[in-house]
Amino acid sequence: GAVVSQHPSWVICKSGTSVKIECRSLDFQATTMFWYRQFPKQSLMLMATSNEGSKATYEQGVEKDKFLINHASLTLSTLTVTSAHPEDSSFYICSAAGTSGSYNEQFFGPGTRLTVL
Amino acid sequence: AQKITQTQPGMFVQEKEAVTLDCTYDTSDPSYGLFWYKQPSSGEMIFLIYQGSYDQQNATEGRYSLNFQKARKSANLVISASQLGDSAMYFCAMREGRGSARQLTFGSGTQLTVLP
């Protein structure tokens, strides 16, 4: 299957700082990328859908000014958690759907574990 | 209403035995896809198997098979000959409509533990 990378794999930051997480599709062009958040022992919850070259669509209850998403190219989407607080500590996972690979499948990145002190 | 329901928070199975993980779904869209993912403690989401709503036969991938009962709106995952490495969280997910560029909705997951 296609490969999606995320960077960093884990990050620890102080409260009030901003953190950027990158999601890259390594061997295909991702027209759409999805950002999920997963709290411990819970399911994945969709935060937003990003399409290359356009504004992201956020799910209800997700603050778009806090979670900035940029999908500037067909291989890269970024999620920036602005003014992070301890309650933003979570596992963030991206997935990518694109123009190659399986028609039926999205490809997930390995996730980024964010800890806000 | 929940779109994807997994009623088993935790399951235990003896090594080498088969286990069924339950999943029911709710949609009015005639075109949809059902997925199962495995999430080990590392956190990565590992795709296991896919069933399309128009597929006539149940999907199979190695030791994984999907028991698709459309009228009952269920899509149970069957793992045959369980291995210790199968211990993980398992998520059922649904995508409504056609095309991979549509969001997935996940169930709450089932934590499977394989006993030696």
Side-chain angles (χ1 to χ4, degrees), chain A residues 1-6 9-10 23 25 28-52 54 56-60 62 71 74 77 90-114, chain B residues 2-10 21 23 25 31-55 59 61-62 64 66 68 75 88-113:
Chain A
V3 179
V4 175
S5 70
Q6 271 185 251
S9 55
W10 60 269
C23 177
S25 57
F28 70 104
Q29 294 182 325
T31 52
T32 303
M33 286 185 172
F34 302 90
W35 286 96
Y36 296 87
R37 180 169 52 184
Q38 185 181 30
F39 292 108
K41 299 195 183 300
Q42 294 188 23
S43 187
L44 280 73
M45 297 300 293
L46 180 67
M47 299 176 65
T49 302
S50 74
N51 293 294
E52 186 265 339
S54 62
T57 302
Y58 291 81
E59 294 301 298
Q60 195 170 19
V62 177
H71 193 161
L74 286 171
S77 177
S90 188
F91 191 57
Y92 292 86
I93 310 176
C94 69
S95 73
T99 56
S100 65
S102 168
Y103 168 82
N104 296 317
E105 190 181 341
Q106 289 177 17
F107 301 95
F108 282 84
T112 297
R113 201 165 298 278
L114 170 64
Chain B
Q2 291 284 337
K3 289 200 171 185
I4 293 284
T5 303
Q6 294 180 253
T7 58
Q8 306 154 315
L21 306 184
C23 174
Y25 60 92
S31 180
Y32 54 90
L34 298 158
F35 300 77
W36 277 93
Y37 288 89
K38 172 184 177 182
Q39 187 180 42
S41 57
S42 60
E44 60 183 313
M45 294 292 285
I46 302 170
F47 167 73
L48 297 178
I49 198 165
Y50 166 83
Q51 180 85 42
S53 59
Y54 296 116
D55 294 344
E61 289 285 350
Y64 305 107
L66 200 152
F68 181 44
M89 181 71 87
Y90 288 80
F91 290 102
C92 179
M94 178 174 66
R95 183 185 65 219
E96 294 173 283
R98 289 187 177 273
S100 59
R102 291 179 175 265
Q103 68 184 70
L104 294 173
T105 302
F106 287 86
S108 55
T110 296
Q111 180 69 49
L112 176 67
T113 303

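Here is the naming used below: chain letters follow the sequence lines, and residue numbers restart at 1 for every chain.
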Contact part of B:Ile46 toward chain A, heavy-atom cut-off under 4.5 Å: side chain, backbone, both or neither?
neither
Under the ring pair (Phe, Tyr, Trp, His ring centres under 6.0 Å) rule, collect the residues that match up with A:Phe108, sequence neighbours excluded.
A:Tyr36, B:Tyr37
Please classify the contact of A:Ile93 with chain B as side chain, backbone, both or neither, using a heavy-atom distance under 4.5 Å.
side chain
Between A:Gln106 (side chain only) and B:Arg102 (backbone N and O only), is there a donor and an acceptor less than 3.5 Å apart?
yes
Heavy-atom distance under 4.5 Å to chain B: side chain of A:Gln6, backbone, both or neither?
neither
Would you confirm whether A:Ser90, through its side chain, and A:Gln38, through its main-chain N or O, come within 3.5 Å as a donor-acceptor pair?
yes
With sequence neighbours excluded, what pairs up with B:Glu96 under the salt bridge (Lys or Arg N to Asp or Glu O under 4.0 Å) test?
B:Lys3
Checking B:Ser53 side chain against B:Tyr32 main chain: does a donor-acceptor pair fall under 3.5 Å?
yes
At a 4.5 Å cut-off on heavy atoms, which part of B:Phe47 comes close to chain A: side chain, backbone, both, or neither?
side chain
With a 4.5 angstrom heavy-atom cut-off, is it the side chain or the backbone of B:Gln39 that approaches chain A, or both, or neither?
side chain
For B:Ser42, is it the side chain, the backbone, both or neither that has a heavy atom under 4.5 Å from a heavy atom of chain A?
backbone
